[in-house]
2 protein chains.
Amino acid sequence: MRALGEKLGVDPTAVYRHFTDRDDLFREVGDRTLSPVVEGFEPTTDPSKDIASLCILLRSTLIANPIGLQITAQGPTRRPNELLITEIILSSLKRSGLKVPKAVIAYHTIIEHTLGSAWLDAPLARAGDNRLETYTAWRDDYRELDPKVYPATRAAAGDLYPASELVFESGLAALISGLVPH
Amino acid sequence: MRALGEKLGVDPTAVYRHFTDRDDLFREVGDRTLSPVVEGFEPTTDPSKDIASLCILLRSTLIANPIGLQITAQGPTRRPNELLITEIILSSLKRSGLKVPKAVIAYHTIIEHTLGSAWLDAPLARAGDNRLETYTAWRDDYRELDPKVYPATRAAAGDLYPASELVFESGLAALISGLVPH
DNA sequence: ACCTGAACACCGTTCAAGT
DNA sequence: ACCTGAACACCGTTCAAGT
């Protein structure tokens, strides 16, 4: 709050005139950061494709600007951009032929997968270029494990931590093809 | 740290003799909290079943004691219990017939799904009994949305936020059947 | 070898007072 | 209607000093 005050050229406590507390401010800013998702989304005639492209865009947007991520774990903000994202996913699921109780489970599963992936990948993605070096260092650690205690991990060591986008998208594809009629 | 010191009847700064910093302590405690997963796991002859039961146990353990969750987002701790969980999943995937590059992607996808679900559900699960009341309050909010702007969300309002275990397990089943040979 | 205690450099937030 | 500034009640961590 002090850093924000300085950035704005204003007393740190002036913010409390406009937001009840830090989390309230974060919810508002967090929803603003989602506007590239709503604006960048391009609907097609294929509901499964729409869900996939929206989720990929949502994940990369959250990773680029993770300010809203921690607040999301406390529940839905029910603010405009978040609601529009919910609407796009639910209406796509409806278009795909899913009725309401199953569509809702599919929605929660898919959004949970997307938010979870963004949450796990955000810290490393921020690190930028040394992300690849970090992965290499981890792999080296796994390579030094005792093959008697951890044989499968030791054998897989060199292949651990592939591109996180690949992991996310392969999971997303499995979820969509498992939960959405096609 | 001050609260911990008081609990131990010791100066708050005494901890720094044994751990380099707060995160170091949390990594160690976090791995200890995973021991019920390793000890409670009961292997069968079905690799897919083993992965599912391990992940369900891991998720509920993390939710019951989420101290290690935030640290996990900064990368693997590579401590004993975490490594054993990795080993169980990778060896199950191997048993199922998956070779190394694909097995690793399946591993990351499945563990990401499990950690992500625990992260999203932990705050509400801690709230305990008013969790259901919270869900009801949220549904009421969604029911009041403008049906012209959010038709699909409005129509699904009453069914949103089903039991989080159901959401997690249906996603897990879809992932396993999509990524693991059977 | 381990712990203490003062201190540093921070936090989010409240509230009376200002303009 | 909005901002200021002092103050409260906290943080994690360091480091010289103690036993």
Side-chain angles (χ1 to χ4, degrees), chain A residues 1-34 62-82 115 118-128 130 134 137, chain B residues 1-34 62-82 115 118-120 122-128 130 134 137-138:
Chain A
M1 304 305 277
R2 279 163 232 257
L4 175 63
E6 194 169 3
K7 211 91 174 182
L8 298 173
V10 123
D11 192 273
T13 69
V15 182
Y16 291 89
R17 286 273 135 199
H18 311 277
F19 300 94
T20 66
D21 57 17
R22 190 178 163 279
D23 280 7
D24 187 36
L25 168 65
F26 272 40
R27 265 185 291 275
E28 211 61 55
V29 176
D31 201 64
R32 300 281 202 288
T33 66
L34 295 180
L62 283 170
I63 286 175
N65 208 333
I67 204 170
L69 262 181
Q70 33 176 333
I71 239 80
T72 308
Q74 274 142 249
T77 64
R78 284 151 293 163
R79 278 174 169 73
N81 285 324
E82 188 196 81
L115 295 176
W119 164 69
L120 265 174
D121 292 338
L124 267 175
R126 279 180 82 94
N130 32 11
T134 307
Chain B
M1 303 307 278
R2 278 164 232 258
L4 175 63
E6 194 168 3
K7 211 91 172 182
L8 298 174
V10 123
D11 193 274
T13 67
V15 182
Y16 290 89
R17 286 271 138 199
H18 310 278
F19 300 94
T20 65
D21 58 17
R22 189 177 163 280
D23 281 6
D24 187 35
L25 169 65
F26 273 40
R27 264 185 293 271
E28 211 62 54
V29 176
D31 200 64
R32 300 284 203 285
T33 68
L34 295 180
L62 283 170
I63 286 175
N65 208 334
I67 204 170
L69 263 182
Q70 33 175 332
I71 239 80
T72 308
Q74 275 143 247
T77 65
R78 283 150 296 163
R79 279 172 170 72
N81 285 323
E82 188 195 83
L115 295 176
W119 165 69
L120 265 175
L124 267 176
R126 280 179 82 94
N130 31 13
T134 308
W138 289 348

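Per chain, numbering begins at 1; letters A, B, ... match sequence-line order. The analysis underlying the following values was restricted to heavy atoms, covering all of them including side chains, and did not include hydrogens, waters or symmetry mates.
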Q: Specify the closest pair of heavy atoms between B:P66 and B:A122, including all atoms of both residues, with the distance to one decimal.
A: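 Looking at all heavy atoms of both residues, the closest pair is CB-CB, 4.1 Å.
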Q: Roughly, in whole Å, what's the span from CZ in A:R22 to P in D:dA9?
A: 21 Å
Q: Might you point out which heavy atoms bring A:L69 and B:W119 nearest each other, and give the distance in Å?
A: O-CZ2, 3.5 Å
Q: Taking all non-hydrogen atoms of both residues, which atom of A:D31 and which atom of A:P80 are closest, and how far apart?
A: OD2-N, 3.4 Å
Q: The side chain of A:R2 is closest to which nucleotide in this list: C:dC11, D:dA6, D:dT13?
A: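 The listed nucleotide nearest to A:R2's side chain is C:dC11.
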Q: CG of A:L8 versus P of D:dT4: gap in Å, rounded?
A: 10 Å
Q: Starting from C1' on D:dC10, measure out to CG on A:D21 and report it in whole angstrom.
A: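 It works out to 16 Å between those atoms.
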Q: Among D:dG12, D:dC3, D:dT4, which nucleotide sits nearest the side chain of A:D11?
A: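 Looking only at heavy atoms from C-beta outward on A:D11, the closest nucleotide is D:dT4.
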Q: Using whole Å, report how far NE2 of B:H18 lies from C1' of C:dC3.
A: 8 Å
Q: Taking only the C1' atom of each, what is the distance from C:dC10 to D:dC8 in whole angstrom?
A: 15 Å
Q: Regarding B:R78 and B:E82, does a basic nitrogen lie under 4.0 Å from an acidic carboxylate oxygen?
A: no
Q: Where does DNA chain D form stems of at least three consecutive Watson-Crick or G-U wobble pairs, each pair having both distances below 3.5 Å?
A: C:4-8 with D:12-16, C:12-16 with D:4-8
Q: If each of A:A3 and A:R17 is mapped to the nucleotide of DNA chain C with the nearest heavy atom, which maps nearer the 5' terminus, i.e. the 5' end?
A: A:A3
Q: Take the protein atom CG of A:D24 and the nucleotide atom C1' of C:dG12, then report the distance between them rounded to whole Å.
A: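 From A:D24 CG to C:dG12 C1': 14 Å.
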Q: Identify the two heavy atoms, one from A:R27 and one from A:T77, that lie closest to each other, and give their separation to 0.1 Å.
A: CG-CG2, 3.5 Å
Q: Between D:dG12 atom P and B:L4 atom CG, what is the distance in whole Å?
A: 10 Å
Q: Can you work out whether A:D23 or B:V15 has the more 5'-proximal nearest nucleotide on DNA chain C?
A: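 With A:D23 and B:V15 compared, the 5'-side residue is B:V15.
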Q: Any donor-acceptor pair, under 3.5 Å, between the side chain of B:T13 and the base of C:dG5, if you only look at N and O atoms?
A: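 Flag set: donor-acceptor pair detected.
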Q: Please report, rounded to the nearest Å, how far the C1' atom of C:dC11 is from the CZ atom of A:F26.
A: 12 Å
Q: Mind calculating the distance between CE (A:M1) and P (C:dT14) to the nearest angstrom?
A: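 About 10 Å, once rounded to whole Å.
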Q: Less than 4.0 angstrom from a charged side-chain N to a carboxylate O is my criterion; do A:E6 and A:R2 meet it?
A: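 Judged by the 4.0 Å cut-off on N to carboxylate O distance, A:E6 and A:R2 do not form a salt bridge.
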Q: CD/A:E28 to CG/A:D23 distance, rounded to the nearest 0.5 angstrom?
A: 12.5 Å
